Protein chains: 2
Amino acid sequence: MDESPAIGIRERARGALRGELADVALRLFEERGYDQTPVDDIASAAGISPRTFYRYFGTKEEVLFGDLPPTSVDLPALLEDHLLRAGPWEALHQTLRHVAENIGTQRGRWSRLLRVVNTSDTLRAGHLEQQMNLAQSLIPTLVPAVEGPAGWSDLRARVLVHAALTCFDTAFSHWAERDGDIEMLEALDIAFTTFSTLDSVQA
Amino acid sequence: MDESPAIGIRERARGALRGELADVALRLFEERGYDQTPVDDIASAAGISPRTFYRYFGTKEEVLFGDLPPTSVDLPALLEDHLLRAGPWEALHQTLRHVAENIGTQRGRWSRLLRVVNTSDTLRAGHLEQQMNLAQSLIPTLVPAVEGPAGWSDLRARVLVHAALTCFDTAFSHWAERDGDIEMLEALDIAFTTFSTLDSVQA
DNA sequence: GTCGGTTTTGGCAGACTCTGCCACGATAGT
DNA sequence: ACTATCGTGGCAGAGTCTGCCAAAACCGAC
């Protein structure tokens, strides 16, 4: 009554079913599109009731995004570390390189995901929402490292972080669309260095 | 039967009701938050049926974003024009300065809107979605103007456009949060020049 | 002023996501 | 095997949004 023995068989079963649900859902989404696949269909395809589906995933989106491989490195900490050795922009660059390396090892899974995401407006919006949250978590770390005009550090930190995430996102899409042709890291580097060459392109 | 005489009284009435709906909705959203304000309440507050509401606005979001003052300058064309005289980044900067000037004349309305948007996750996501669409419309214009490594023009154009919109958005929020203290254009300029000083901040 | 045709409106029913509630069944530990 | 706990399924409900159809309002013409 005090505490469970250890892991518990139930929890492992729960994890298995969760994974199976995610698989089934992804397959259905690919076949018929995200918006055209009601939760009822996922549930019956997996042999459970819709109500139970919502006990495994709080929302329909979570069945897509919830079980991503643990990209969950502590990015703010990583950024802070890089800031010891480099300026804000380069630190952001290196931080996101780390994420890109992890992603680069799972080509197939990520392009499947991206393809599904692109079938739905709702879904793209949700994805952007996540990016916003990530940005919010990085900005405070960056603020002290930004130099410039008097009270504008906040603004500049926000700009840099959002721009960096944009670089990542754009490189990611570019890479996912050209399956195998290019390297994720190369695309990321190109994206980040776009701003270094700005002077030369300005008239 | 062939063609209506001219403007038609009905259409003017329709426009008036549309405006009134937007007003009522905005007021309710400010009082109780966007997610806590069902369409039924907006409808009854305006003395119409919910069904009719959806004839005026396709979605609940549209009642907020649908009637924005005509920011609808042809931004791609404006960008193309600026590209004749400046590099990609500066052209984007000037293009968005134009938008900022229009916005700057409607301080109150815009900060009300921003406050409402920040009451809802759904809403922020929707707003980002619009930005994506705007970006998509600007990218083709910018691609030919971007120089750099072989086949990377697409990627770099996307990065620049998204970064520019990020600058705008960030400057806008910054400005709206400090009602009156700062100038929209000044904030925008600061945001855009953040990247020009990158070299000096890099270690 | 009245008629005829068009437009606008409102109500109904429905799909879909998501939540609270409760009873039923399976499971785990004793 | 027994019991307490947990997972499950069904039901009802809120909320957004759509299709359908009948009633009402409206405009122009006679």
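Fair warning: this is a prediction, and the values are worked out from it, not measured in the lab. Here is the naming used below: chain letters follow the sequence lines, and residue numbers restart at 1 for every chain.
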Check your understanding: Nearest nucleotide by nearest heavy atom, which residue falls closer to the 5' end of DNA chain C, B:Leu17 or A:Thr59?
Key ->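 Nearest-nucleotide comparison on DNA chain C picks B:Leu17.
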
Point to revise | A:Val39 vs A:Arg51, nearer the 5' end of DNA chain C by closest nucleotide | key: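 With A:Val39 and A:Arg51 compared, the 5'-side residue is A:Val39.
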
Distance in angstrom units between [X] [atom1] and [N] [atom2], rounded:
X       : N      : atom1 : atom2 : value
B:Glu62 : D:dC17 : CD    : C1'   : 13 Å
B:Asp35 : C:dT19 : CG    : P     : 13 Å
B:Ile48 : D:dA24 : CD1   : C1'   : 16 Å
B:Tyr54 : C:dG11 : OH    : C1'   : 16 Å
A:Leu21 : D:dG7  : CG    : P     : 15 Å
A:Asp40 : C:dG14 : CG    : P     : 16 Å
B:Lys60 : D:dG15 : NZ    : P     : 9 Å
B:Arg14 : C:dT6  : CZ    : P     : 19 Å

Check your understanding: Quick one: CE on A:Met132 to CG on A:Leu165, what's the gap to the nearest 0.5 Å?
Key ->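 Atom-to-atom, A:Met132:CE and A:Leu165:CG are 10.0 Å apart.
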
Exercise for review: Decide, yes or no, whether a salt bridge links A:Arg27 with A:Glu20 under the criterion of side-chain N to carboxylate O below 4.0 Å.
Suggested key: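 Result for this pair is no, no salt bridge flagged.
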
Point to revise | Residues A:Thr52 and A:Ser49: side-chain donor-acceptor under 3.5 angstrom | key: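 Yes - a donor-acceptor pair under 3.5 Å links their side chains.
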
Using a heavy-atom cut-off of under 4.0 Å over every strand shown, decide if [X] touches base, sugar-phosphate, or nothing.
X        : value
A:Thr122 : nothing
B:Tyr56  : sugar-phosphate
B:Phe53  : nothing

Review point. Considering only heavy atoms and no angle criterion, is a donor-acceptor pair shorter than 3.5 Å present between the side chain of A:Arg55 and the base of D:dG9?
Key: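 Answer is yes: a donor-acceptor pair is held.
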
Review point. Taking the inter-plane angle between the rings of A:Trp89 and A:Phe192 on a 0 to 90° scale, is it parallel (under 30°), tilted (30 to 60°) or perpendicular (over 60°)?
Key: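 Tilted: the ring planes of A:Trp89 and A:Phe192 meet at 30° to 60°.
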
**Study point:** From CA spacing to verdict: salt bridge (charged side-chain N to carboxylate O under 4.0 Å, His left out), B:Arg112, B:Glu31
**Key:** CA-CA 11 Å; B:Arg112 286 177 79 191; B:Glu31 290 170 8; over 6 Å; no

Review point. Any side-chain N or O of A:Thr52 less than 4.0 Å from the OP1 or OP2 oxygen of D:dT8?
Key: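 It does not, given that no N or O in the side chain of A:Thr52 lies less than 4.0 Å from OP1 or OP2 of D:dT8.
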
